[in-house]
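Following: one structure in structure tokens, then a few remarks.
In what follows, every chain begins at residue 1, and chains take the letters A, B, ... in the order their sequences are listed.
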2 protein chains.
Amino acid sequence: MTRPGTSSLAPPADLDSAIERIRSHGGRVTAGKRALAELLYAEQRSLTADEIVALLGDHDRSAIYRSLAQFEELGIAEHLHLGHGQAVYRLAGLPTVPVLCSACGATFHINRSHTRAFVERVSKHTGVTLDLTHFPLTGTCQQCAATIR
Amino acid sequence: MTRPGTSSLAPPADLDSAIERIRSHGGRVTAGKRALAELLYAEQRSLTADEIVALLGDHDRSAIYRSLAQFEELGIAEHLHLGHGQAVYRLAGLPTVPVLCSACGATFHINRSHTRAFVERVSKHTGVTLDLTHFPLTGTCQQCAATIR
DNA sequence: TTCTTTGCAAAATGTTTGCAGATAC
DNA sequence: GTATCTGCAAACATTTTGCAAAGAA
């Protein structure tokens with residue numbers, strides 16, 4: 001299975017370290033991979049494969065998927081599944097937890113600080129170490145909550 | 001978009017109420033739907049479409065998907081996405097939150113009581129009303145945590 | 001009888017794979 | 001020079017859709 005969080009490497013500090021990491025692990029730094037890495041560092045947010053294709057312009061999808069897979073192995077990027085449809089990709093180790101609004105479909109982020117006590121409680125009571133960054137949480141955003149009732 | 005938690009109906013108390021709900025909303029109670037509902041009530045857990053097909057025996061997949069969709073509209077069932085690949089389906093309103101172990105791939109459940117304070121905190125600070133039952137959380141189970149290090 | 005549902009086949013969606021030529025190192 | 005990468009086409013896995021026949025109320 002393709003598992004999130006498979007890489008044991010710490011997220012690289014910046015774009016240059018990421019590029020260097022590709023090379024030092026036997027990968028070739030191609031124009032496509034460099035553009036992809038630059039995009040992820042520039043955006044600092046979750047992007048669907050479609051968005052990546054659109055933002056990169058003339059690039060092959062399968063090459064992008066392969067580059068993203070390599071980035072994940074190298075601890076540079078990670079992907080999340082938003083449920084129905086597409087996954088999203090982003091830099092590894094961002095300090096936020098993605099939340100999908102089940103009413104309007106928008107994705108937003110809450111700071112990881114909110115999750116700490118919860119993660120500790122679950123760990124203490126159940127032995128399970130949660131990692132809330134690999135799948136989005138689901139909820140209703142403020143606007144939608146207001147609209148619905 | 002196919003949204004989780006779309007139904008505003010409370011989960012039916014038992015199988016008979018579920019059956020009655022189908023009928024009272026203009027649905028026909030067929031042998032297939034009855035078998036599916038019985039299965040969900042008997043198992044009280046998340047099942048993949050494959051498992052459902054296997055457990056029900058000779059049933060058409062598209063009919064099962066359509067029945068599950070109807071059950072969701074009626075507030076009888078809900079589905080979750082475990083990421084790569086298949087979704088899982090289960091009765092609506094179960095008092096547990098699914099957790100996917102990112103190391104071994106197993107799905108288990110933690111009691112909803114653990115999530116209450118967290119949900120309140122996020123609501124207060126961000127305005128977002130989390131619903132943690134519609135997507136699994138991700139983490140590492142006790143065995144895997146022990147094995148890995 | 002009427003409207004819903006089934007079963008089958010085909011489409012749709014998002015991702016993965018095989019392979020030959022191009023490219024980084 | 002050689003192993004990795006790209007681009008293309010085809011495969012894949014899961015879910016959805018169209019339609020005619022079957023079935024529930």
Distances under 3.5 Å between protein N/O atoms and the N/O atoms of nucleotides 17-21 of chain C, please, pair by pair.
residue, atom, partner, partner atom, Å
C:dG18, O6, A:R66, NH2, 2.8

d(NE2, A:H25; P, D:dC5) in whole Å: 13 Å
Between D:dG23 (P) and B:H59 (NE2): distance, integer Å: 14 Å
B:L40 vs B:L47 side-chain heavy atoms within contact, under 4.5 Å: yes
Derivation of the side-chain contact (heavy atoms from CB on, under 4.5 Å) call for A:D131 and B:T140: CA-CA 8 Å; A:D131 181 348; B:T140 314; 5.9 Å; no
Nucleotide C:dT16, atom C1' - distance to CD of A:E72 in whole Å: 14 Å
Which residues share a side-chain hydrogen bond (donor to acceptor under 3.5 Å, both in side chains) with A:R45, sequence neighbours left out: A:E43
Test side-chain contact (heavy atoms from CB on, under 4.5 Å) applied to B:L36 and B:L56, step by step: CA-CA 7 Å; B:L36 177 59; B:L56 288 184; 4.3 Å; yes
Residue-phosphate contact under 4.0 Å: B:Y89 side-chain N/O, D:dT14 OP1/OP2: no
Any residue meeting side-chain hydrogen bond (donor to acceptor under 3.5 Å, both in side chains) with A:R61, in chain and number order, not counting sequence neighbours: A:D50
Separation of D:dG7 P from A:D58 CG (nearest whole Å): 7 Å
Can you list, pair by pair, the side-chain donor-acceptor contacts under 3.5 Å of residues 116-123 of chain A, counting residues two or more places apart and other chains?
residue, atom, partner, partner atom, Å
A:R121, NE, B:H114, ND1, 3.1

Residue pair B:Q70 / B:K33, side-chain heavy-atom distance below 4.5 Å: yes
Terminal axes of the helix from C:dT1-D:dA25 to C:dC25-D:dG1 (five pairs each): angle between them, nearest 10 degrees: 30°
Value rounded to 0.5 Å, distance of CG in B:L9 from CD1 in B:I76: 8.5 Å
Between P of D:dA13 and NE2 of A:H81, the distance in whole Å: 16 Å
B:Q70 vs C:dT5: side-chain N/O to OP1/OP2 distance below 4.0 Å: yes
Nucleic acid contacts of residues 29-51 of chain A, taken as heavy-atom distances under 4.0 Å to DNA chain C: A:V29, A:A49
Mutual orientation of the aromatic rings belonging to A:Y65 and A:Y89 [parallel < 30°, tilted 30-60°, perpendicular > 60°]: perpendicular
Heavy-atom donor-acceptor pair, A:R28 side-chain to D:dA3 base, under 3.5 Å: yes
Closest contact, heavy atoms only, A:T138 versus A:V99: C-CG1, 4.5 Å
Point-to-point distance, once rounded to the nearest 0.5 Å, from CD of B:Q44 to CG of B:L39: 11.0 Å
Between C:dG14 (C1') and A:L80 (CG): distance, integer Å: 16 Å
Distance, rounded to the nearest Å, where A:L56 contributes CG and D:dC5 contributes C1': 16 Å
Touch class at under 4.0 angstrom, heavy-atom based, for A:A69 against every strand present: nothing
Between P of C:dT16 and CD of A:Q86, the distance in whole Å: 12 Å
Short side-chain N/O contact from A:R61 to OP1 or OP2 of D:dG7, under 4.0 Å: no
Residues A:L68, A:I52; criterion side-chain contact (heavy atoms from CB on, under 4.5 Å); working and verdict: CA-CA 10 Å; A:L68 286 167; A:I52 292 172; 4.1 Å; yes
